[in-house]
Number of protein chains: 2
Amino acid sequence: MNLDLDEVLKALSHPVRRDMLTWLKEPEKYFVEQDHPFEIGVCAGKFDQRSGLSQSTVSAHLATLQRAGLVTSRKVGQWNFFKRDEAAIAEFLRRLHEEL
Amino acid sequence: MNLDLDEVLKALSHPVRRDMLTWLKEPEKYFVEQDHPFEIGVCAGKFDQRSGLSQSTVSAHLATLQRAGLVTSRKVGQWNFFKRDEAAIAEFLRRLHEEL
């Protein structure tokens, strides 16, 4: 797995982005129901509702998480659905432990 | 312990600052001998030699690590000596694990 530790740490240094990862851990708890099952991911629009932030701000945060490799996305029709990349998150924690 | 997770993550997102923490783990291995024992910390000037960076750049990196709570410093005469704050680093890792 080719994580860039600098990029992951920067991505995690914003509290909203850490919140987003927390929400993605338990979508049923943090998001209102969506048409597609949460198994395929959480629709970007749900984050706007949940965070109260603008669509463009939310998009930028999700893009940062995705570039860092912490989430994956999947397009269904015109919508983007996001999921945590658990393997990447575990690998990041392992490497950080090792480095520190 | 009152760690600001945002600040710690930002401090760690620069590779030189992570290197500095690594060097502080084993001062005998990474730094040439200094007049004062490494137990009181590593003199700021040692980081200039080791990193090849300017004194002001090194000072700024050390200050960032200190503000984040990852290192402590102690003044002896005109010199500042730096040590890892192991309790803070452990607490940071614990909280990050918990959040992620």
Side-chain angles (χ1 to χ4, degrees), chain A residues 1-27 29-31 41-42 47 50-51 53 57-58 60-72 82-100, chain B residues 1-27 29-31 41-42 47 50-51 53 57-58 60-72 82-100:
Chain A
M1 195 169 301
N2 214 357
L3 285 177
D4 179 331
L5 225 46
D6 297 2
E7 202 159 0
V8 176
L9 287 160
K10 264 180 220 140
L12 292 174
S13 71
H14 195 297
V16 166
R17 291 195 289 266
R18 292 201 305 281
D19 282 344
M20 287 173 156
L21 289 174
T22 299
W23 302 338
L24 284 175
K25 240 196 278 192
E26 297 174 88
K29 180 171 165 189
Y30 291 106
F31 298 101
V42 175
F47 291 90
R50 171 81 214 184
S51 64
L53 297 169
T57 301
V58 163
H61 282 314
L62 288 170
T64 300
L65 288 171
Q66 188 168 6
R67 261 197 318 274
L70 296 165
V71 301
T72 56
F82 290 85
K83 287 189 89 151
R84 285 164 59 97
D85 188 330
E86 297 295 350
I89 292 169
E91 169 72 6
F92 159 70
L93 287 171
R94 195 192 59 71
R95 278 187 49 196
L96 192 66
H97 254 281
E98 203 175 80
E99 267 214 24
L100 285 184
Chain B
M1 199 170 300
N2 215 357
L3 285 176
D4 178 330
L5 225 46
D6 297 1
E7 204 160 358
V8 177
L9 287 160
K10 263 180 222 141
L12 292 175
S13 70
H14 196 297
V16 166
R17 291 193 290 264
R18 293 201 304 282
D19 281 345
M20 286 173 156
L21 289 174
T22 300
W23 301 339
L24 284 174
K25 237 193 285 192
E26 297 173 89
K29 179 171 166 190
Y30 291 105
F31 298 100
V42 175
F47 292 90
R50 171 79 214 185
S51 65
L53 298 169
T57 302
V58 162
H61 283 314
L62 287 169
T64 300
L65 288 171
Q66 186 168 7
R67 262 196 318 274
L70 296 166
V71 301
T72 56
F82 291 85
K83 285 189 89 153
R84 287 164 58 98
D85 188 330
E86 297 296 350
I89 292 169
E91 170 72 5
F92 159 70
L93 287 171
R94 196 194 59 71
R95 280 187 48 196
L96 192 65
H97 253 281
E98 202 176 81
E99 267 214 25
L100 285 184

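So you know, we letter chains A, B, ... as the sequences are listed, proteins then strands, and number each from 1.
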Exercise. Where does A:Glu98 contact chain B at under 4.5 Å (heavy atoms): side chain, backbone, both or neither?
Worked result: backbone

Exercise. Looking only at atom types and distance, does a side-chain atom of B:Arg18 sit under 3.5 Å from a main-chain N or O of A:Leu5, one as donor and one as acceptor?
Worked result: no

Exercise. Between A:Pro15 and B:Asp6, which heavy-atom pair has the shortest distance, and what is it?
Worked result: CD-OD2, 3.1 Å

Exercise. Do B:His97 and A:Leu93 have side chains that get closer than 4.5 Å, going by heavy atoms?
Worked result: yes

Seminar exercise, completed: Whatever's closer than 4.5 Å to a heavy atom in chain B on A:Lys25 counts as side chain

Exercise. To the nearest 0.5 Å, how far apart are CG in A:Leu9 and CZ in B:Arg17?
Worked result: 10.5 Å

For this session: Measure A:Leu12 against the heavy atoms of chain B and call it side chain, backbone, both or neither at under 4.5 Å.
Result: both

Exercise. Quick one: of B:Leu100, B:Leu21, B:Val8, who has the most non-hydrogen atom pairs under 4.5 Å with chain A?
Worked result: B:Leu100

